[in-house]
Amino acid sequence: MQGYVPREIQTRVEARLADFPIVAVLGPRQCGKTTLIRETVGRLPGVVYLDLERPSDLGKLRDPELFFNLNRSQGATSLFCLDEIQRTPEIFPLLRSLVDEEHRNGQFLLLGSASRDLLRQTSESLAGRVVYLELTPFLASELPADDPAVVPRLWFRGGFPRSLLAASDVSSNAWRESFVRTFLERDVPQMGFNIPASMLHRLWRMLAHLHGETLNSSQLGGALGVSHTTVRSYLDLLSQTFMVRLLEPYASNTKKRIVKSPKVYIRDSGILHSLLQIDSLDDVLAHPACGASWEGLVIENIVATLPGWQPSFYRTTAGAEIDLILERGGRRLAIECKASTAPVVSRGFWTALDDLGIDEAWVVAPVDGAYPLRAGVTVTPLRALLDRLAPS
């Protein structure tokens, strides 16, 4: 895996630039957004690229209207690419007026490390003019299929390029530890949040130990010495900066008593292992969190592969449970995750399939090949399922 590794989202970026005046590519810091865009449009003529974390580039937008109009008047600029757009959300109203003046698609490409909910101005200022795409760290389907060590490496190191492609596990561990510190000490304050880094780090590590379990904000608040509403505000920040996923329970119309609290996941398995101080794949396999870690990896890969589907989990108080339900229109898919080469599912899984009337389900495990467990239920490797589910 030397040099640039093509990303699945690349063709979607190109297609959306042809269809919308503004395309926003959002995702966690260091997941490869800048590299992706440079490979996609960076070498085309007429592209002006600004990295808003560089003081020299940020300074060019002291008078953004003047900057954009001067570049446009010279006739050579066809696309403005603004990286780390969360640094200047105040320019969104100006972008609206600029794109309306030219009446063409592909005018602005925005890159950001915060969700569109965190970039609140876009919902009002750019409605109907912008489309959002999410870039995740590497997915299993983006890596060489002929290398049997790829998925285990991805599982342990996570998908952030500098972690996954590091020369050794030691180097990967060092990068992830640095990433966590930088996120807490620099990135969060830059976004305008006045949260003590030590407090957020404590919460993040607690969440790592609760990875894959249902959330109890009051319990977390008691352990941290803050209110449950404060915990939820911190969780919202971690969620909207792509560090944590809160997986909501399935909105069932059955008469079963279902669990109503969301499940919490650290979105990148490598960051999870860093927070848990797990230093090797062998340590992952021996750790009590092994199964939950595999579950998180599978969920992130599948949700990213099917971005238009609604993800949730199903659990009843009687013990019926499915790790991931994906729903779109009239289709409903079920995914169970097992970190075993000989996976065995519980009776609660079969009960849940009957409760929800699911006709097709998969048990995702680190196995060599797919095989049927019973009619409509298949045990499968992660990569094979991603290839099957990927939109054509």
Side-chain angles (χ1 to χ4, degrees), residues 1-20 22-49 51 78-85 105-106 108-113 131-167 171-172 175-176 179 242 267-271 297-309 364 380-392:
M1 291 186 291
Q2 299 297 318
Y4 176 67
V5 179
R7 307 302 305 271
E8 291 178 354
I9 197 177
Q10 186 167 330
T11 55
R12 279 190 282 156
V13 172
E14 295 168 346
R16 297 302 181 268
L17 282 170
D19 295 334
F20 288 85
I22 303 174
V23 175
V25 179
L26 308 179
R29 294 181 60 83
Q30 301 291 313
C31 72
K33 295 187 296 294
T34 302
T35 302
L36 166 73
I37 296 309
R38 285 176 174 166
E39 291 291 329
T40 305
V41 301
R43 296 188 178 93
L44 298 177
V47 176
V48 172
Y49 173 85
D51 180 353
S78 60
L79 175 67
F80 293 98
C81 182
L82 308 180
D83 202 347
E84 299 300 343
I85 190 63
N105 294 329
F108 288 91
L109 182 56
L110 311 180
L111 310 181
S113 302
V131 62
Y132 297 92
L133 300 173
E134 182 179 333
L135 180 67
T136 67
F138 280 122
L139 304 175
S141 54
E142 295 173 319
L143 304 175
D146 57 353
D147 183 354
V150 159
V151 171
R153 188 183 305 122
L154 175 68
W155 181 14
F156 168 60
R157 295 186 178 185
F160 283 95
R162 290 186 178 274
S163 176
L164 180 64
L165 305 178
S171 298
S172 174
W175 183 88
R176 282 179 275 124
F179 176 90
F242 309 101
R267 290 191 57 170
D268 181 74
S269 58
I271 300 299
L297 174 75
V298 170
I299 288 173
E300 286 304 313
N301 273 261
I302 293 175
V303 171
T305 299
L306 297 174
W309 293 63
V364 184
T380 179
L382 175 59
R383 176 64 188 259
L385 181 58
L386 297 179
D387 290 343
R388 178 186 174 94
L389 296 179
S392 56

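Index from 1, following the sequence. As the structure is a prediction and not an experimental result, all values here were calculated from the model.
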Would you mind reporting whether R153 and D147 have side-chain heavy atoms less than 4.5 Å apart?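 They are in side-chain contact.
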Could you check whether any side-chain heavy atom of N301 comes within less than 4.5 Å of a side-chain heavy atom of L382, counting everything from C-beta outward?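 In contact.
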Any chance you could lay out the side chain to side chain contact (heavy atoms under 4.5 Å, CB included) test for L385 and V298, step after step, and finish with the verdict? CA-CA 10 Å; L385 181 58; V298 170; 5.8 Å; no
Just jot down the side-chain hydrogen bond (donor to acceptor under 3.5 Å, both in side chains) partners of [X], sequence neighbours excluded, or say none.
X	result
R176	S163, S172, N173
T305	none
T380	none
Q10	Y4

How many angstroms lie between [atom1] in [X] and [atom2] in [Y], if you round to the nearest 0.5 Å?
X	Y	atom1	atom2	value
R16	T11	CZ	OG1	8.5 Å
R7	L135	CZ	CG	4.5 Å
R383	R388	CZ	CZ	16.0 Å

Which atoms form the tightest heavy-atom contact between [X] and [Y], and what is the distance?
X	Y	result
T40	L36	OG1-O, 2.7 Å
L386	A140	CD1-CB, 3.8 Å
L306	L389	CD2-O, 3.2 Å
I9	L133	CD1-CB, 3.7 Å
S113	P28	OG-C, 4.4 Å
L154	G159	CD1-CA, 3.7 Å

With no hydrogens and no angle check, do the side chains of E300 and T136 hold a donor and an acceptor under 3.5 Å apart?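 No pair is found: no donor N or O on one side chain lies under 3.5 Å from an acceptor on the other.
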Of all residues at least two apart in sequence or in a different chain, which pass the side chain to side chain contact (heavy atoms under 4.5 Å, CB included) check with [X]?
X	result
A167	none
Q30	F160, R162, W175, F179
N105	P21

Side-chain (E134) to main-chain (A304) donor-acceptor, under 3.5 angstrom: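 It does not hold such a pair.
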Under the ring pair (Phe, Tyr, Trp, His ring centres under 6.0 Å) rule, collect the residues that match up with [X], sequence neighbours excluded.
X	result
W309	none
F138	none
F20	none
F80	F68, F108

One pair to check against side chain to side chain contact (heavy atoms under 4.5 Å, CB included): I37 and L109. What are the steps and the verdict? CA-CA 9 Å; I37 296 309; L109 182 56; 3.5 Å; yes
Write out all pairs satisfying salt bridge (charged side-chain N to carboxylate O under 4.0 Å, His left out) with one or both partners inside residues 24-37, taking only residues at least two apart or from two chains.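 Pairs touching residues 24-37 that pass the test: R29-E53, R29-E84, R29-D187.
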